[in-house]
Amino acid sequence: MPPDLRAEFEELVSNAVDVLPLADFADKLVRSRRENRPLRIKYGADPSAPDIHLGHSVPIRKLKQFQDHGHQVVFIIGDYTARIGDPSGKNAARPRLTKAEVDANARTYLEQIFKILDRDKTEVVYNSSWLEKMDVSATIELMSRYTVSQMLEREDFHSRFDSEVPIYIHEFIYPLLQGYDSIAVRADLELGGTDQKFNLLVGRELQRSEGQEPQCIMTMPLLVGLDGANKMSKSLGNYIGISESARDMFGKAMSIPDEIMWTYFELAAGASAAEVESLRADLESGRRHPRDLKDELARRLVTLYHDAEAARRESADFRARFSAREFPEETAERVEVALADAPTLGRLLTHLGAVKSAREAQRLTEQGGVKVFSEPEPALLGNHPQEDRAGLVRIALQPGTYRLKIGKTRFVTVTVLASDPG
RNA sequence: GGAGGGGUGGCCGAGUGGCUAAUGGCAGCAGACUGUAAAUCUGCCGCGCGUCGCGCUACGGAGGUUCGAAUCCUCCCCCCUCCA
């Protein structure tokens with residue numbers, strides 16, 4: 001292998017958990033170079049939830065690396081398989097989605113992945129375009145290539161089986177269809193999270209039985225979520241979406257436990273292993289405060305998905321709000337409401353969408369979750385001693401401008417107008 | 001098809017006639033504290049109403065018994081186990 005190809009190989013396998021079989025992958029790279037034929041890199045995503053988060057960004061950033069080396073990324077929108085629901089890593093069947101839901105999600109998916117991938121160099125295909133055409137006999141033929149016990153080898157299936165959680169037949173079909181995708185796009189390599197290992201290998205087997213050269217598989221680590229314990233996922237709510245506002249992205253990044261920030265630096269923010277080492281050394285030697293390191297991480301992430309200016313602004317804002325406990329004048333939301341819509345503090349909170357119900361408004365104010373920073377009359381509401389808070393929700397508002405802190409993170413400048421704003 | 005077990009609030013899971021809007025855990029929210037939206041501690045955690053109060057809705061579904069049912073009865077639906 002020539003040195004520059006060696007370097008490409010090293011870069012491509014960096015951060016990967018598994019590359020199987022590794023020798024085959026090296027061989028594919030060599031042949032690709034010799035025949036001047038880019039490798040076809042398959043990545044499939046089921047548009048089952050509309051948000052792509054930093055966890056997804058790990059393999060997608062890896063795809064970008066392949067792209068930068070001139071390989072062909074084949075991005076499969078699993079619009080058909082999303083209607084089945086991938087059981088990977090789940091202890092229960094997923095709800096199946098309707099075609100309309102899937103289509104809507106698919107559109108937002110593409111918008112988001114092109115924040116990372118090069119749109120012009122990405123082949124986007126929908127697996128409905130071949131799966132929809134499969135009739136029953138073709139499906140049965142596909143099913144005849146795998147056995148029940150082969151399926152039960154998969155950890156999440158056998159643990160569900162052992163603990164008597166139902167497994168539906170259609171869930172067994174899922175890996176087969178995903179594998180069939182590999183045949184359809186003639187993949188040389190398929191990328192996925194470590195939880196996808198089984199499915200990726202099924203693709204390999206099916207290609208072989210179809211007479212195609214089997215794909216290699218590459219698995220990327222699952223990014224741990226904001227809680228520092230579970231994998232990042234939409235359903236656990238421990239994620240940072242790549243389309244989130246700079247504000248939320250920054251704040252959420254600051255909330256992660258210190259120990260996991262190195263992983264984030266490397267997998268989500270694109271820092272090299274050497275860089276992470278030196279940041280770590282800075283922390284251990286006490287040269288840099290952990291908050292500043294995390295601040296740097298947060299700024300890098302915001303820069304990646306927004307821009308450097310937004311990163312700077314949010315960093316300053318975060319300091320004002322949480323470290324100095326000031327009202328963040330320039331970045332606070334500004335809202336105008338008619339007095340008729342918000343005759344009382346409770347109504348205002350509901351109107352702003354800060355709370356879901358009147359009872360919640362009641363609790364929030366009673367617990368001191370609403371503070372007033374300024375005129376017209378701080379004594380009018382909030383900042384009351386606990387005993388006086390009971391009736392706060394019902395306090396009548398006067399026209400004027402209020403600077404409010406609602407809950408832990410929301411700052412709003414509300415102008416209450418005597419008449420309708422229009 | 002047969003036998004047995006089970007369906008409780010976002011999730012897990014107590015509860016077998018009134019003391020149950022329903023123990024407990026998780027998640028969530030708020031307060032204190034903190035470099036932090038972390039950890040920890042404390043409180044809250046169905047909905048509506050001019051506050052401690054009143055009303056409404058709720059324990060798979062539909063009926064029924066009872067002054068009163070998540071708890072008893074009937075039918076139905078669904079899940080799990082074993083046997084075929």
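Order of the sequence lines fixes the chain letters, A, B, ..., with proteins taken first and strands second; residue numbering starts at 1 for each chain.
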Pairwise C1' distance for B/G13 and B/U65, with rounding to whole Å: 30 Å

Do A/Lys231 and A/Tyr239 meet the cation-pi criteria used here (NZ or CZ under 6.0 Å from the six-membered ring centre, within 45° of the axis)? no

Sort and list the pairs that fulfil side-chain hydrogen bond (donor to acceptor under 3.5 Å, both in side chains) and have at least one residue in residues 261-270 of chain A, not counting sequence neighbours. none

Nearest-angstrom distance from the residue atom CD1 of A/Ile260 to P of B/A38: 12 Å

Separation of B/G31 atom C1' from A/Lys405 atom NZ, nearest Å, is 10 Å

Does A/Ser323 make a side-chain N or O approach to OP1 or OP2 of B/G35 shorter than 4.0 Å? no

B/C12 versus B/U8 - spacing of their C1' atoms, nearest Å: 11 Å

Whole Å only: how far is the CD atom of A/Glu259 from the P atom of B/A39? 10 Å

C1' atoms of B/A70 and B/U81, separation to the nearest Å: 25 Å

Rounded distance (Å) that lies between atom C1' of B/A37 and atom OH of A/Tyr264: 13 Å

Table of protein N/O atoms under 3.5 Å from nucleotides 23-29 of chain B N/O atoms:
none

Worked verdict on A/Asp18 versus A/Lys197 for salt bridge (charged side-chain N to carboxylate O under 4.0 Å, His left out): CA-CA 9 Å; A/Asp18 275 314; A/Lys197 188 167 172 181; 3.0 Å; yes

With sequence neighbours left out, which residue pairs that include part of residues 188-212 of chain A fulfil the ring pair (Phe, Tyr, Trp, His ring centres under 6.0 Å) condition? none

Report the C-alpha distance between A/Arg312 and A/Glu309 in whole Å, list the side-chain angles of each, state the deciding distance to 0.1 Å, and finish with yes or no for salt bridge (charged side-chain N to carboxylate O under 4.0 Å, His left out). CA-CA 5 Å; A/Arg312 188 207 57 75; A/Glu309 166 54 24; 3.2 Å; yes

Over all strands shown, is A/Arg325 touching base, sugar-phosphate only, or nothing at heavy-atom distances under 4.0 angstrom? base

Compute whether any side-chain donor of one residue and acceptor of the other, for A/Asp188 and A/Gln215, lie under 3.5 angstrom apart. no

Please report the distance separating the P of B/A3 from the corresponding atom of B/G55, rounded so that it comes out in whole Å. 48 Å

Need the pair for B/U65. Rule: Watson-Crick or G-U wobble, both distances under 3.5 Å, any strand; none if unpaired. none

Between B/C76 and B/A84, how far apart are the two C1' atoms, rounded to whole Å? 26 Å

By the definition side-chain contact (heavy atoms from CB on, under 4.5 Å), identify the one residue from A/Arg321, A/Glu326, A/Arg319 that meets it with A/Ser323. A/Arg319

Which pairs with one or both residues in residues 288-297 of chain A pass side-chain hydrogen bond (donor to acceptor under 3.5 Å, both in side chains), sequence neighbours excluded? A/Asp258-A/Lys294, A/Arg288-A/Glu296, A/Asp295-A/Arg299, A/Asp295-A/Ser315, A/Glu296-A/Arg300

Where each residue is assigned the nucleotide of RNA chain B containing its nearest heavy atom, which of A/Phe322 and A/Arg347 is assigned the position nearer the 5′ end? A/Phe322

Across all strands, who's sitting opposite B/U20 as a Watson-Crick or G-U wobble pair, both distances under 3.5 Å? none

Which value, in whole Å, describes the distance between the P atoms of nucleotides B/U16 and B/G53? 28 Å

Under-4.0 Å side-chain N/O to phosphate OP1/OP2 contact, A/Ser357 with B/G48: yes

Is it the case that B/G46 (base atoms only) and A/Arg359 (side chain only) share a donor and an acceptor within less than 3.5 Å, ignoring hydrogens and angles? no

Counting only Watson-Crick pairs (N1-N3 plus N6-O4 or O6-N4) and G-U wobbles (N1-O2, O6-N3), all under 3.5 Å, who is the partner of B/G31? B/C41

side-chain hydrogen bond (donor to acceptor under 3.5 Å, both in side chains) filter on A/Asn127, not counting sequence neighbours, yields A/Thr81, A/Asp181

Value in whole Å for how far the C1' atom of B/A37 lies from CD1 of A/Ile240: 11 Å

Across the strands shown, which category fits A/Arg363 at heavy-atom distances under 4.0 angstrom: base, sugar-phosphate, nothing? sugar-phosphate

For B/C82, the Watson-Crick or wobble partner whose two distances fall under 3.5 Å: B/G2

What about A/Phe157 and A/Phe172, are their ring centers closer than 6.0 Å? yes

How many Å lie between CD on A/Glu366 and C1' on B/U42, as a whole number? 15 Å

Below 4.0 angstrom, which residues in residues 291-316 of chain A have at least one non-hydrogen atom near RNA chain B? A/Arg291, A/Lys294

Please give the distance between the C1' atoms of B/A21 and B/A37 as a whole number of Å. 32 Å

In whole angstroms, how far is the C1' atom of B/A37 from the CG atom of A/Asn238? 14 Å

Is B/C11 paired to anything, Watson-Crick or G-U wobble with both distances less than 3.5 Å, and if yes, which nucleotide? B/G25

Reckon A/Arg247 touches a base, only the sugar-phosphate, or nothing at all at heavy-atom distances under 4.0 Å? base

G-U wobble or Watson-Crick pairing nucleotide for B/G53 (cut-off 3.5 Å, both distances): B/C49

Return the orientation label for the A/Phe318 and A/Phe250 ring planes: parallel under 30°, perpendicular over 60°, tilted otherwise. tilted

Please find out if less than 6.0 Å separates the ring center of A/Phe411 from that of A/Phe327. yes

May I have the distance from A/Asp258 (atom CG) to B/A38 (atom P), rounded to whole angstrom? 12 Å

Euclidean distance for P, B/A69 against B/G25 (whole angstrom): 30 Å

Within the pair A/Arg288 and B/G35, is there a side-chain N or O less than 4.0 Å away from OP1 or OP2? no

